[in-house]
Trainee: 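Before we start, here is the structure in question, set down as structure tokens.
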Amino acid sequence: MPDTVFPAPELGEPYLLTPGPLTTSYAVKQAMLRDWGSWDDDFRAMTRDMRRRLLALIGPGAEAYDCVPIQGSGSYCVEAMLGSFVPRDGKVLVLANGAYGLRAAKTMEYLGRAFHLLDKGDYLPPRGAEVAEILAADPAITHVLAIHCETSSGILNPVEEIAEVTRAAGRKLLIDSMSAFGALPLHPAELGCVAFVSSANKCIEGVPGFGFVIARTDEIEAAKGNCHSLSLDVHDQWANMEKSGQWRFTPPTHTVAAFLEALKMHEAEGGVSERGARYIRNRDVMVAGLRALGFETLLADRWLSPIITTFFCPEDPAFSFAGFYEGMKSRGFIIYPGKLTVVESFRIGCIGRMDEHVMTRVVEAAKETLADMGVASAAPPAAALEERKKLTD
Ligand SMILES: *Cc1c(COP(=O)(O)O)cnc(C)c1O
């Protein structure tokens, strides 16, 4: 059956309007209903197929890259990438505008390797000109780390702009494309990006359990001996996989099977462009509907990703996030708390196995929940709009 319909999740499960784990298809869940031997040829073939399919998503120049899956959640892959590709005497410019950029900086602290943190606060984008300035002032910087979509606000960072100045300054670009890869185009060869990471449970719509590093093969070869950690050593994992076709340590077999099914569904849907187009429709229907109820987005349209959107909590004293959350949950939708430090907010994800018809129901559910709570206006407090003015262009 072509999976063009988006049935409610099985057995009354709510939709997860979250940035992962997210709502997956029945076929993806069903793919986990058997056991695989990690050493067996069948599983080795699955790993090979998965690596090949992921590389096919990066477009022109893919032959210079390879794909190395790493057990664990996405943060394990970020740490594996930083620990493996940044030499011990290297220095990273970490571009942060939210929790994931700050987590990367904290990872550098743990690694005990040099870094310069550009912290733009909750949501302001790091721009090309300021990156160029920092690189010009500090010749010790060898790498730049950019977050593609900063999932804590939902901002789509200007990676092309950052890539351009990084290339011009002769430094190497690393990207955390965790929440964007598979739905937003990412062509590392064109960007001059030496390595990026993503994980199984975001836009490819698999279940959690591992992530993957996609890196230039010559960079992987040169990474030998760099890593601080055996289990996170990208070179060692790669060398072993090339030699034996196996993961070094126990692989997440069921997650890989589910992910392979998710990759096939991604291809059947029309690949990155169609996956992205569905998420854009999800966002557009949801944002327009909530704005019509009086809600305001943190970000102007230009910076809104089709991944997750941050809304200000209404000023109306009858509103509370906890009450809104419960009302949405009782109607079949799990939403996500906000992460802004200055004003109250909440987030609604657009990714996962759902389409714009589901999003229409999300808007309905929000309308009913506000009515139940006795919220007359969903308009945010003036302080929120003041905050937003900082984002001027
Ligand atoms: C999800 C995500 C991660 C990884 O988070 P985990 O909880 O470790 O899976 C890293 N960066 C970004 C931008 C993300 O969205």
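Side chains are part of it too, since the values below use all heavy atoms of this structure and drop only hydrogens, waters and symmetry mates. We count ligands from 1, going down the list as the structure has it; atoms in each ligand are counted the same way.
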Trainee: Does Met354 offer a backbone N or O that forms a donor-acceptor pair with the side chain of Asn282 under 3.5 Å?
Mentor: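 Yes: the side chain of Asn282 pairs with the backbone of Met354.
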
Trainee: Ser305 side chain to Gly154 main-chain N or O, any donor-acceptor pair under 3.5 Å?
Mentor: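 Looks like yes, one N/O pair under 3.5 Å.
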
Trainee: Is a salt bridge present between Glu296 and Arg291, judged by a nitrogen-to-oxygen distance below 4.0 Å?
Mentor: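 Looking at Glu296 and Arg291, the cut-off is not met.
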
Trainee: Here's one to test your reading of the geometry: is the NZ or CZ of Lys367 within 45 degrees of the ring axis of Phe324 and under 6.0 Å from its centre?
Mentor: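 No, Lys367 does not lie over the aromatic ring of Phe324.
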
Trainee: Okay, side chain of Arg353, backbone of Tyr26: is any donor-acceptor separation there less than 3.5 Å?
Mentor: no

Trainee: For residues 189-197, please give each side-chain donor-acceptor pair under 3.5 Å, one per line with the distance, not counting sequence neighbours.
Mentor:
none

Trainee: Report each N/O pair between ligand 1 and the protein that falls under 3.5 Å, naming both atoms.
Mentor:
unit_1   : atom_1 : unit_2 : atom_2 : d
ligand 1 : 8 (O)  : Ser73  : OG     : 2.5
ligand 1 : 8 (O)  : Gly74  : N      : 3.4
ligand 1 : 8 (O)  : Ser75  : N      : 2.8
ligand 1 : 8 (O)  : Ser75  : OG     : 2.6
ligand 1 : 9 (O)  : Gly74  : N      : 3.0
ligand 1 : 11 (N) : Asp176 : OD1    : 3.4
ligand 1 : 11 (N) : Asp176 : OD2    : 2.7
ligand 1 : 15 (O) : Thr151 : OG1    : 2.4
ligand 1 : 15 (O) : Lys202 : NZ     : 2.8

